[in-house]
Every structure is written in structure tokens, then in C-alpha cells.
Amino acid sequence: IAFIMYRSHTCGELRLADVNKEVTLSGWVQKIRNLGGMTFIDLRDRYGITQLVLDVESRKDLSEEARKLGREFVVQISGKVAERSNKNNKIATGDVEILVDKFVLLNPSELPPFTIEDETDGGDELRMKYRYLDLRRNPVRRNLELRHKLGFEVRNYLNQQNFIETETPVLIKSTPEGARDFIVPSRMNPGEFYALPQSPQVFKQLLMVAGFDRYFQIVKCFRDEDLRADRQPEFTQIDCEMAFVEQQDVLNTFEGMTKHLFKVIKDVEFDFKFPQMSFEDAIRYYGSDKPDVRFDMKFVEMKDMLGECGFKVFDDAEYVGGICAEGCASFTRKDLDKLTDYIRKPQIGAQGLVYVKYNTDGSFKSSVDKFFDEAALTQWVEAYGAKPGDLLLILAGQKTKTQNALCQLRLEMGERLGFRDKNKFAPLWVVDFPLLEWDEEAERYHAMHHPFTSPKKEDLALLETDPGVVRANAYDLVINGVEIGGGSIRIHDDELQHKMFQLLGFTEEEAENQFGFLMNAFKYGAPPHGGVAFGFDRLASLFAGIDSIRDVIAFPKNNSGRDVMIDSPSPIAKEQLDELNIALKKIK
RNA sequence: GGUCUGGUAGUUCAGUUGGUUAGAAUAUCGGCCUGUCACGCCGAGGGUCGCGAGUUCGAGUCUCGUCCAGACCGCCA
């Protein structure tokens, strides 16, 4: 049988032991180095680079042919493996080269718009437009290989723990709670629409009612909200649910999964139980529900200590708090001015920054020397546990705003002091989230997590009297200040679920219309259950040590939710619109 | 919806106080070169300074508008 054998080996596998073998390779021309009498070609595929040699003296014809090649041409070559006289220890195949005696041009290539190299000269926009070329580059390819491995190990681990991967529908039902839905018109049901799932939440709960016990799914979710570096309109979750569990069971299971992933993929071992911190403490000490605990630098609240102190900024403030930056007393006036500018940026919005330099000789220099004497400042540095050489940075103002600004300042200082090492990982469970959040605009409560989250038993009575302080059986896994996953123990009682909808301002009819199927299911023996969903893209970017999730997604969308490669979204034909019974208000 | 930053050669960028022919690196093309691997040397081509208007004797540079991109705020149960 005649067939073409495109390759006997990949471009990454030949070694000294292969010398003298006759081999055939196929790949892309990475680089041509023509030295006149001889030509070197780097041939690249997914697996690596192999150097080809063409010698004018022995094969003038091939050397002539090779002159017509360009970057990214696809070629197939055959030849003998030889030991190099000059070895290259930077690549795995650097000890050998191929003495080419036959080559076939499989496909020429236009000149790529940017260089296909680790350090490309291409900008983000161009790389996205030609993403198929960008994906040829090692760093991007490696990210996707890492993502593959992560998904594989998630399945491996959860399978061993008896979880069943089940697909849930993508064309579902729109609900007003939560994020904006992506909407899909139904041709067969004029005037009616599907929604794409923001998460398979209700389906996984129904699977628990169905007795599936342990479910997971690596699944696309969709939210029609504005994008960020760590937010895409379609993203992937590791969605999980378990029956007959309480909070600590879920935490144990997924702490186990997280440890497994770190061990097999990063060779990082956590020989401790992940710490747990209440939402309340997270806000008090770090000003955030997703604190970066790779470093300490906890907030110190000063309001009680200060009393009426005569410094108007502090006296008028609802909150006065600060952090101690180790060894930063040597900051110059200019450094401090820059920090002040930083916290006054509109996104952060603090008014000003009070500093106290605790000099190495034990003296003080502060921006509030006029108001506080040495005795007062001594009391401060004691409260902060500061040592000589440290710098106190203090903000004052409205409580949540100031805590938020202080959080940003803490992260900035952590960055400057080198505490935010990408190779160091600090996991943290944040627990005891509030059940409800007051929505100023709508003048009602909405669920902080989602309306299926159960309140803590001990707080149940408060639901009637003071719903705002009721805590939920809800938890987040935070690693290095990134919210990697979150979940809750759900309500499995239709009466309590009814009550929740009522609290959230649903009328009986609305609740029935939108979630009647769920409450109905709860009437048929729903087991206690709870679960978690991990942001798969964020997990992958954390493992890859990069800040943007775009580089761990094969074909991501840009800031405006566009795919610049396929140019979507795009208008559709009038016939399509007619068929869907859709009239556009205005067409550009 | 808002704030900020940017848009100049294929690409990444520089471009001073508004002033002569808009530069560098890299990529590309041509020539030379037998051990390169960031090859080297010599040479060449390559520009709607995002788009539109305004100010000015004169705009890459200043003003306004607009489009695009990125970061962030709002938003993201």
C-alpha cells in the first residue's frame, strides 16, 4: 500500500543515540541561517526544534531549493542524523543535526505579521487577530498544555473520589437575579428566548435530588458583563456538587483536589491544612474578601486608641487604620509623594496619606508631628508592632472606602517589598460570608452568593429581625489574593427556599415562574447538599504565573467582548432576523 | 455608563519649545560569507503620523470631536 510517511520523529526527540539513523521530519521553518557554503535551518514543531544542515559542495541542488524557503514554510525533510561539531546546549536536540538529502515543500507561507518567537515583537491586538500564529509560540503553547494537564488531573482526582461528570444544558432559562444573561432567540417559539447559563447551579442541585451524590463538570459559563484581565464573557468552571455533606466535608474534598493539582503539576506540597478566615476578619485585617496572605502586613485600627485627638482628619473619620511597611522608614519625600498620588487615583479614591517614619535611631518623623508628640507616636508603633526602620502608612475616612484603599496600598507595598512572589502560594478559605447584601439602588436585599445558599443554623432566627447580619454557609478558596473558587451549602427545604425568595423581594408568582421546578423537586426527598465552583481559567493562570486569563484561553475575546480573529459579534442577515421574529430598533 | 493611558515603517518604539527631507531597532529584499544557532558584513525598499475638524505663516507635536486598543471604577447572584 502506498502512503506518505510525513515523519518518523518529531522535531523534539532526536538525541546523540540516534546518530546515523535515517529520519524524516516535518515542521515549520523557524529560521534560516545561510553562511554561503552551508545553510542551517531550524525546523520547528510542537515538540521542539531540530537543526537541518545543507552543504553546497555535496548537494548544490538542495541548497538552491532552500534559498526559496521563508519563515513558517511547512516542509518535510529526510536525511541522516549526525553529531554536531558545535553543540547547542540551549535546546534538547542541540547535540545533533540532520544532513538533509531530500526535502519537500508541503506548503509555503506568507510573511507572518509578527515574529514567532518566545519574545515576540507583536502587540496584543495583532497576536489576537492572528491567534493561530500566536499559538505556535512556546509560551502560549505551554500555557494551553498546562491547562490540558490541569483538566486531566481534575478529572483524574474527582473520578477517584466517585464524582460523575455530567453535562447540563446550555440553552436554558433567563432569570433576573445575578449577572446579565446572554440571550438566544427561539425560532420555534416566536417571541421566546433561551438564556446561556451563568453556571449550571440549579441543574447540579437537581442532580443531587436525583441521587447522583457527587457530580462535577468542566463547563463553559456565560455572563454578559464588562470584561477585565481576569474576566471573559465565556469562561470555564470546574463545577461540583455533593450530597450528604456539610461545609467542612466540601472544604476537605476540594482542599484535597487543590493539593493534588499543586503536587502533580507544580511539585508544590502543602503540608498544612488550609487556614480559614471569616469574612469579617478578612475585611478587618485586609480590607478584602480575597486577601493575599503571602505576606502579613495586617491592618491596625486606630480609632479607639486615638479618641478625640484634635487632628480634624482623624476626628471626622469613621475609620482610621494603617499598615506597617517593614524597613521603609528610609522612604524619601518623593517616594511618599508618589504613594500619596497612588492612593489618590480616582480608582482608589483616598484623600491623603499619613505617614510615620520610625527611624533606625528610634526617633520619629511623621506628617502629623504638629498634632502628635513622641509619646503618642510611641503608642502607635507599639500597636503596629513596628521596629525601628519601619514606616507606618495610615488612611482615614469613610469605613468601607478607606479599608478598600488601604487594601490597595497594602498590595502595592507588598509588591514593592517583593512579597508577591509568583512562585509562592498561599491558600486561604474565606468562610462565614453574609447571606445578604443591601442593594442601595433597588432598596432591597440581594443574595451575596446566590439565592440557594443556606443561612447558618445559629443565625436562622435573625432572618426575621435583622437579615443583614445573617451569615451563610458560604466559602471561597482564595490563593494569592485571587478568588479561585467559591461555593455554599444549599437550601434543600422548599419552605426555607420560599422564605429566601420572599426576603429577596420575589413575589410568590415570580418565585414560582422562575424556580418552581426547583422547589417542586425539593418536595420529593432532596438530600442535604452543597458544592463549589472553581474558576478554571483563573486556576490555570495562577499555575502559569500570569495575571491575565487570556493567555490560558486558546481563542479569547478582547476588552470589548470581541473576537478580533473571526470578527464577532457581527450583524446577521435580514432573513435570519425575520425567521426569528426579531425587529432591530436601529441598524448601524 | 465613567476615569486614565496609548494609536508614528510589516512589527515594537523614539520624536525636544509647533519649524528644513519624520528616526532607531527588528523584520523583509539583494549581495558576500563553510560551523551558525540573537550568525556576521555591505546595501536597498518600506510612512494616509488612527480618522475628521479647528487654531496657526506652519501641526506627528496644541484644541475639540470621533473610532480603536489596554488597565481600572461601576457592573460581575
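FYI, side chains are in, hydrogens and waters are out, and symmetry mates aren't considered; it's all heavy atoms of this structure. Letters A, B, ... mirror the listed sequences (proteins, then strands); counts begin at 1.
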Nearest-angstrom distance, P atom, B:G50 to B:G10
13 Å
Would you say B:C75 has OP1 or OP2 under 4.0 Å from some side-chain N or O of A:R180?
no
Taking any heavy-atom pair under 4.0 Å as a contact, classify A:E97: base, sugar-phosphate, or nothing.
base
Side-chain donor or acceptor of A:R137 paired with backbone N/O of A:E117 under 3.5 Å:
yes
After noting the C-alpha distance and the side-chain angles of A:N138 and A:D118, does the key distance pass the side chain to side chain donor-acceptor pair (under 3.5 Å) rule?
CA-CA 6 Å; A:N138 287 322; A:D118 290 8; 3.0 Å; yes
Does the side chain of A:K129 get closer than 4.0 angstrom to OP1 or OP2 of B:A69 through an N or O atom?
no
Mind checking who B:A22 pairs with, Watson-Crick or G-U wobble, both distances under 3.5 Å?
none
I want to check one thing: is the phosphate of B:U36, taken as OP1 and OP2, less than 4.0 Å away from some side-chain N or O of A:N86?
yes
Do the side chain of A:Q408 and the main chain of A:A405 share a donor and acceptor less than 3.5 angstrom apart?
no
Taking the C1' atom in each of B:G6 and B:C49, what is the distance between them to the nearest angstrom?
14 Å
Spacing of the C1' atoms in B:A38 and B:C76 (rounded, Å)
44 Å
With the side chain of A:N558 defined as its heavy atoms from C-beta on, choose the nearest nucleotide among B:G70, B:A38, B:G35.
B:G70
Respond yes when some side-chain nitrogen or oxygen of A:R228 is under 4.0 Å from OP1 or OP2 of B:C73, and no when none is.
yes
How close or far is atom C1' of B:U34 from atom CZ of A:F40, stated in whole angstroms?
8 Å
Mapping A:G123 and A:Q51 to their closest nucleotides on RNA chain B, which lands nearer the 5' end?
A:G123
How would you label the contact of A:K90 with the nucleic acid (heavy atoms, under 4.0 Å): base, sugar-phosphate, or nothing?
sugar-phosphate
Report yes if a donor N or O on one partner sits less than 3.5 Å from an acceptor N or O on the other, where the partners are the side chain of A:R84 and the base of B:C37; otherwise report no.
yes
Roughly, in whole Å, what's the span from CG in A:D118 to P in B:A38?
12 Å
Mind calculating the distance between CG (A:L54) and P (B:U34) to the nearest angstrom?
15 Å
Within the structure shown, what part of the strands sits under 4.0 Å from A:F114 by heavy-atom distance: base, sugar-phosphate, or nothing?
nothing
Looking only at side-chain N and O atoms, does A:R67 come under 4.0 Å of OP1 or OP2 in B:G31?
yes
Who does B:G74 pair with, Watson-Crick or G-U, both distances under 3.5 Å?
none
Determine whether a donor-acceptor pair (one donor, one acceptor, N or O, separation below 3.5 Å) exists between the side chain of A:D226 and the base of B:G74.
yes
Sugar-phosphate, base or nothing in reach of A:L35, heavy atoms under 4.0 Å:
base
Has the side chain of A:R223 got a donor or acceptor atom sitting under 3.5 Å from an opposite partner on the base of B:C75?
no
Between CG of A:L227 and C1' of B:G74 the distance, given in whole Å, is 15 Å
At under 4.0 Å between heavy atoms, what does A:E125 touch on the DNA or RNA strands: base, sugar-phosphate, or nothing?
sugar-phosphate
Using Watson-Crick or G-U wobble geometry with both distances below 3.5 Å, tell me the partner of B:A38, or none.
none
Report yes or no: does A:S560 contribute a side-chain atom to a donor-acceptor pair with the main-chain N or O of A:R562 at less than 3.5 Å?
no
Roughly how many Å apart are B:U5 and B:A9, using the C1' atom of each and rounding to a whole number?
23 Å
Between A:R7 and A:D45, does any side-chain N to carboxylate O distance fall below 4.0 Å?
yes
Any carboxylate oxygen within less than 4.0 angstrom of a Lys/Arg side-chain nitrogen, looking at A:D476 and A:K290?
no
Kindly say if A:R127 contacts the phosphate of B:U12, meaning a side-chain N or O under 4.0 Å from OP1 or OP2.
no
Quick check on B:A69: is either OP1 or OP2 less than 4.0 Å from any side-chain nitrogen or oxygen of A:S560?
yes
Under 4.0 Å, counting only non-hydrogen atoms across every strand here, what does A:D55 touch: a base, just sugar-phosphate, or nothing?
base
Using a 4.0 Å heavy-atom cut-off across all strands, classify A:E117 as base, sugar-phosphate, or nothing.
nothing
For B:G43, give its Watson-Crick or G-U wobble partner with both distances under 3.5 Å, or none.
B:C29
Which nucleotide in B:U34, B:G10, B:C39 has an atom nearest any side-chain atom of A:E57:
B:U34
Rounded to the Å, how far apart are A:I116 CD1 and B:U11 C1'?
12 Å
Quantified in whole Å, what is the C1' atom distance between nucleotide B:C33 and nucleotide B:G40?
8 Å
Select base, sugar-phosphate, or nothing to describe what A:I49 touches, counting heavy atoms under 4.0 Å on all strands.
nothing
Could you work out the separation of B:A69 and B:C64 based on their P atoms and round it to a whole Å?
23 Å
Reference residue A:F279; test ring pair (Phe, Tyr, Trp, His ring centres under 6.0 Å); the match among A:W429, A:F433, A:Y286:
A:F433
Does A:N34 make a side-chain N or O approach to OP1 or OP2 of B:U36 shorter than 4.0 Å?
no
Suppose you measure atom C1' in B:G60 against the same atom in B:U16; what distance do you get, rounded to whole Å?
13 Å
Expressed as a whole number of Å, how far does the P atom of B:A27 sit from that of B:G15?
23 Å
Integer-rounded Å distance: B:G7 P and A:D124 CG:
15 Å
Checking the side chain of A:T10 only, and the main-chain atoms of A:G12 only, is there a donor and an acceptor separated by less than 3.5 Å?
yes
Using a cut-off of 4.0 Å on non-hydrogen atoms, how would the nucleic acid contact of A:P113 be classed: base, sugar-phosphate, or nothing?
sugar-phosphate
Expressed as a whole number of angstroms, how long is the span from A:E119:CD to B:C37:C1'?
17 Å
Using purine N1 to pyrimidine N3 plus N6-O4 or O6-N4 for Watson-Crick, or N1-O2 and O6-N3 for G-U wobble, each under 3.5 Å, what pairs with B:U66?
B:G50
Taking only Lys NZ, Arg NE, NH1 and NH2, and the carboxylate oxygens of Asp or Glu, determine whether A:R490 and A:E241 approach each other closer than 4.0 Å.
yes
In whole angstroms, how far is the P atom of B:U36 from the CG atom of A:D42?
14 Å
